[in-house]
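The first residue of the sequence shown is numbered 1, and numbering continues consecutively from there. If you're wondering where the values come from, they're calculated on a predicted model, not measured in any experiment.
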Amino acid sequence: MFVTKMIRIIVLSAIVMFGLATVLICAFLGVSIFYLWFLSAATICIVIYVTLMFYQWHLPGFRRMFFLSMVIVGLVSIYTYEQRNHALETLEEPYVSLTLWEPFHPNRPIEIERAETALSLDSIKVTGQSFLYPLYSSFVEATFSSVDPSYARQVLDTASRPLDSLGNDMIGFVPEYLLPLNHSIDAVPIAKDALVFFTHQEQEVKAISRDQVQSIYTGSLSNWSQIGGATQAIRQYQREEEDSQEAFEWFMEDTSQLESTTPYENIENAIGFTFYSNYQFVENTNQTKLLAIDNVAPSQQTLESQEYPIPVTIYAVTTTTPNEDVTEFMEWIQSEEAQTIIESVGFSPIQEDERVH
């Protein structure tokens with residue numbers, strides 16, 4: 001009898017230890033909270049079932065009912081959870097189709113009021129990075145003076161390196177990290193954007209430091225518990241050949257990063273990044289939240305006050321000898337009227353002391 005009891009105790013203890021070890025391993029591998037709780041519950045249920053086998057051997061019908069109920073509840077729970085996860089769309093760039101941002105498009109995300117000063121675009125070409133298209137296409141729509149709206153779309157272009165073919169009839173819109181080091185251009189700061197980091201809305205962590213972000217992407221920080229969250233492996237996402245990936249690499253200051261994973265999948269232990277201007281037009285922002293950096297939440301106000309620690313200054317760039325229409329357009333871009341448009345499309349206006357007069 002004693003030997004039988006010891007065997008039963010050893011078997012039950014082994015099940016508990018195996019279940020606990022499985023939960024811990026899965027936690028550090030980044031398995032979701034749901035599956036950690038599921039494994040814990042499954043371990044408890046298996047212990048109960050084996051105990052019934054040991055001590056209620058004369059009630060096989062009850063054991064079968066318990067086992068069947070356990071399987072049904074488990075399968076329904078997994079199905080419900082996976083359906084919920086399937087409904088969480090991945091987040092890619094750009095969040096709003098650039099086609100919708102074309103001048104005079106009927107389904108434009110926002111309406112742009114006509115500027116008081118109509119400009120001629122007959123001898124102007126406008127280009128820039130894709131994430132800035134909502135900005136400079138809005139400039140064109142506001143100032144366009146031709147009777148043919150389709151022509152406004154023809155003067156616009158996007159390019160990963162918009163300054164490579166800059167001519168006297170062109171204006172290029174670029175972030176600060178793409179400005180060349182030479183002095184063969186004229187660059188005017190016109191707006192502020194920001195590199196922002198976001199995660200699942202249910203993630204416990206609400207704020208993170210700039211250094212911690214860099215440590216996450218170099219692998220020095222690998223678990224949310226290291227920065228005040230639950231015990232979950234951090235699943236960090238990067239992007240492939242996107243505008244924000246260049247901003248991210250600029251932010252990382254040439255440090256070695258972990259391999260990229262793309263696109264961002266909105267699970268509880270994920271972290272991703274984009275531009276603040278892009279995030280304004282995400283359709284399902286209720287499923288994600290922006291992380292405060294150094295205890296400063298990103299907003300147009302914190303960008304304008306220069307409190308947010310990862311700002312990105314946007315420049316309008318021309319050659320040193322632009323034509324007359326380009327010069328007039330550049331002057332308008334620095335006006336109060338243009339600053340209002342800048343704010344309406346998700347950017348922050350430039351400070352007065354930073355403007356070029």
Worksheet item: Taking E307 for the side chain and L303 for the main chain, is one N or O donor matched with an acceptor at less than 3.5 Å?
Response: no
Practice prompt. Check whether L179 and I314 end up in the same hydrophobic cluster, where Ile, Leu, Val, Met, Phe, Trp and Tyr are linked by side-chain heavy atoms less than 4.5 Å apart.
Written response: yes
Worksheet item: Counting distance only, does the side-chain N/O of E141 pair as donor-acceptor with the main-chain N or O of F104 below 3.5 Å?
Response: yes
Item to complete: For the pair S137 and R108, evaluate side chain to side chain donor-acceptor pair (under 3.5 Å) and give the outcome as yes or no after the intermediate values.
Response: CA-CA 11 Å; S137 68; R108 235 171 172 267; 2.9 Å; yes
Worksheet item: Linking I/L/V/M/F/W/Y whenever any side-chain heavy atoms sit under 4.5 Å apart, do Y49 and V71 land together?
Response: yes
Worksheet item: What orientation do F198 and Y279 show, parallel under 30°, tilted 30 to 60°, or perpendicular over 60°?
Response: tilted
Worksheet item: With a 4.5 Å heavy-atom cut-off, do M170 and T127 have their side chains touching?
Response: yes
Practice prompt. Check the pair V140 / V155 against side-chain contact (heavy atoms from CB on, under 4.5 Å), numbers first and verdict last.
Written response: CA-CA 9 Å; V140 170; V155 305; 4.3 Å; yes
Discussion item. Any donor-acceptor pair under 3.5 Å linking the side-chain atoms of N168 with those of T319?
Written reply: yes
Practice prompt. Go through the steps to decide whether S123 and D325 satisfy the test side chain to side chain donor-acceptor pair (under 3.5 Å), and finish with yes or no.
Written response: CA-CA 7 Å; S123 58; D325 289 338; 2.5 Å; yes
Worksheet entry | Under 3.5 Å donor-acceptor, S335 side chain and E331 backbone | no
Worksheet entry | E337-W332 side chain donor-acceptor pair, cut-off 3.5 Å | yes
Fill in: Partner residues of R114 under the salt bridge (Lys or Arg N to Asp or Glu O under 4.0 Å) criterion, sequence neighbours left out
none
Item to complete: Work out which heavy atom in L163 is nearest to a heavy atom in G172; give both atom names and the distance.
Response: CD2-CA, 4.2 Å
Item to complete: Tell me who clusters with L68, hydrophobic residues only, linked when side chains sit under 4.5 Å apart either directly or through other members.
Response: I72, V76
Discussion item. Counting only heavy atoms not in E113 (residues, nucleotides, ligands), do more than 12 fall under 6.0 Å from its CD?
Written reply: no
Worksheet item: Rounded to the nearest 0.5 Å, how far does CZ of F273 lie from CG of N278?
Response: 12.0 Å
Discussion item. Hydrogens and angles aside, do T302 and S299 bring a side-chain donor and acceptor to less than 3.5 Å of each other?
Written reply: yes
Item to complete: Check the angle between the aromatic planes of F251 and F197 and answer parallel, tilted or perpendicular using the 30° and 60° thresholds.
Response: tilted
Worksheet item: For T199 and K289, does a side-chain donor sit closer than 3.5 Å to a side-chain acceptor?
Response: no
Worksheet, complete the sentence: Heavy-atom nearest pair, N223 first then A233, reads ND2-N, 3.5 Å
Discussion item. If only side-chain N and O atoms count, and only distance matters, is there a donor-acceptor pair under 3.5 Å linking S277 with D193?
Written reply: yes
Discussion item. Is any side-chain heavy atom of Y315 closer than 4.5 Å to one of L132?
Written reply: no
Practice prompt. State, yes or no, whether a side-chain contact exists between D169 and I124 at a heavy-atom distance under 4.5 Å.
Written response: no
Discussion item. Could you check whether E343 and Q339, counting side-chain N and O atoms only, form a donor-acceptor pair closer than 3.5 Å?
Written reply: no
Worksheet item: So how far is it from F66 CZ to C45 SG, rounded to the nearest 0.5 Å?
Response: 4.5 Å
Item to complete: Would you please test V317 and I171 for side-chain contact (heavy atoms from CB on, under 4.5 Å) and show each step?
Response: CA-CA 6 Å; V317 180; I171 300 177; over 6 Å; no
Discussion item. For the CD1 atom of I15 and the CD1 atom of I46, what is their distance to the nearest 0.5 Å?
Written reply: 7.0 Å
Item to complete: With rounding to the nearest 0.5 Å, note down the distance linking CG in L36 to OG1 in T231.
Response: 9.0 Å
Worksheet item: Is there a side-chain contact (heavy atoms from CB on, under 4.5 Å) between H200 and I267 once you walk through the steps?
Response: CA-CA 6 Å; H200 191 279; I267 52 180; 5.6 Å; no
Item to complete: Output, in order, the C-alpha distance, side-chain angles, deciding distance and verdict of ring pair (Phe, Tyr, Trp, His ring centres under 6.0 Å) for F347 and Y276.
Response: CA-CA 8 Å; F347 296 81; Y276 180 73; 9.1 Å; no
Worksheet item: Does one hydrophobic cluster hold both I110 and L156, with members joined at side-chain heavy-atom distances below 4.5 Å?
Response: yes
Worksheet entry | Stepwise side chain to side chain donor-acceptor pair (under 3.5 Å) check, E304 with Q300 | CA-CA 6 Å; E304 191 171 346; Q300 286 185 322; over 6 Å; no
Item to complete: Evaluate the side-chain proximity of L221 to Q212: yes if any heavy-atom separation is below 4.5 Å, no if none is.
Response: yes
Worksheet item: Are the side chains of V23 and W37 in touch, meaning some heavy atoms are under 4.5 Å apart?
Response: no
Worksheet item: Going only through I, L, V, M, F, W and Y residues with side-chain contacts under 4.5 Å, is there a path from I44 to F18?
Response: no
Fill in: Distance-only polar pair, side chains of Q129 and E246, donor-acceptor under 3.5 Å
yes
Discussion item. Checking the side chain of Y217 only, and the main-chain atoms of Q238 only, is there a donor and an acceptor separated by less than 3.5 Å?
Written reply: no
Worksheet item: Do F329 and V126 come close enough that some side-chain heavy atom pair is under 4.5 Å?
Response: yes
Response to the item:
CD of E328 to CG of N323, rounded to nearest 0.5 Å, is 10.5 Å
Worksheet entry | Q232 backbone acceptor or donor facing N269 side chain under 3.5 Å | no
Item to complete: Return the minimal non-hydrogen interatomic distance between V312 and Y177, and the atom names on each side.
Response: CG1-CE2, 4.0 Å
Worksheet item: Looking only at heavy atoms, what is the nearest atom pair of L100 and P109, with distance?
Response: O-CD, 3.6 Å
Discussion item. I'd like to check P309 versus V296 (side-chain heavy atoms, cut-off strictly below 4.5 Å). Are they in contact?
Written reply: yes
Response to the item:
Applying ring pair (Phe, Tyr, Trp, His ring centres under 6.0 Å) to Y133 and not counting sequence neighbours gives Y136
Item to complete: Answer with yes or no whether the hydrophobic clustering places V47 together with L20; edges join I, L, V, M, F, W, Y residues whose side-chain heavy atoms lie under 4.5 Å apart.
Response: no
Worksheet item: Which pair of non-hydrogen atoms, one from A115 and one from T143, has the smallest distance, and what is that distance?
Response: CB-CG2, 4.2 Å
Item to complete: Give, for atom NZ of K192 and atom OG of S305, the distance between the pair rounded to the nearest 0.5 Å.
Response: 11.0 Å
Worksheet item: Are a donor atom and an acceptor atom from the side chains of S209 and D211 found within less than 3.5 Å of each other?
Response: no
Response to the item:
Closest non-hydrogen atoms of D294 and R210, given as atom of the first, atom of the second and distance, are OD1-N, 3.1 Å
Discussion item. Hydrogens and angles aside, do E268 and Q203 bring a side-chain donor and acceptor to less than 3.5 Å of each other?
Written reply: no
Worksheet item: Is the shortest heavy-atom distance from the side chain of F131 to the side chain of P175 under 4.5 Å?
Response: yes
Worksheet item: side-chain contact (heavy atoms from CB on, under 4.5 Å) between R161 and V174: does it pass, once the steps are laid out?
Response: CA-CA 9 Å; R161 290 292 181 272; V174 296; over 6 Å; no
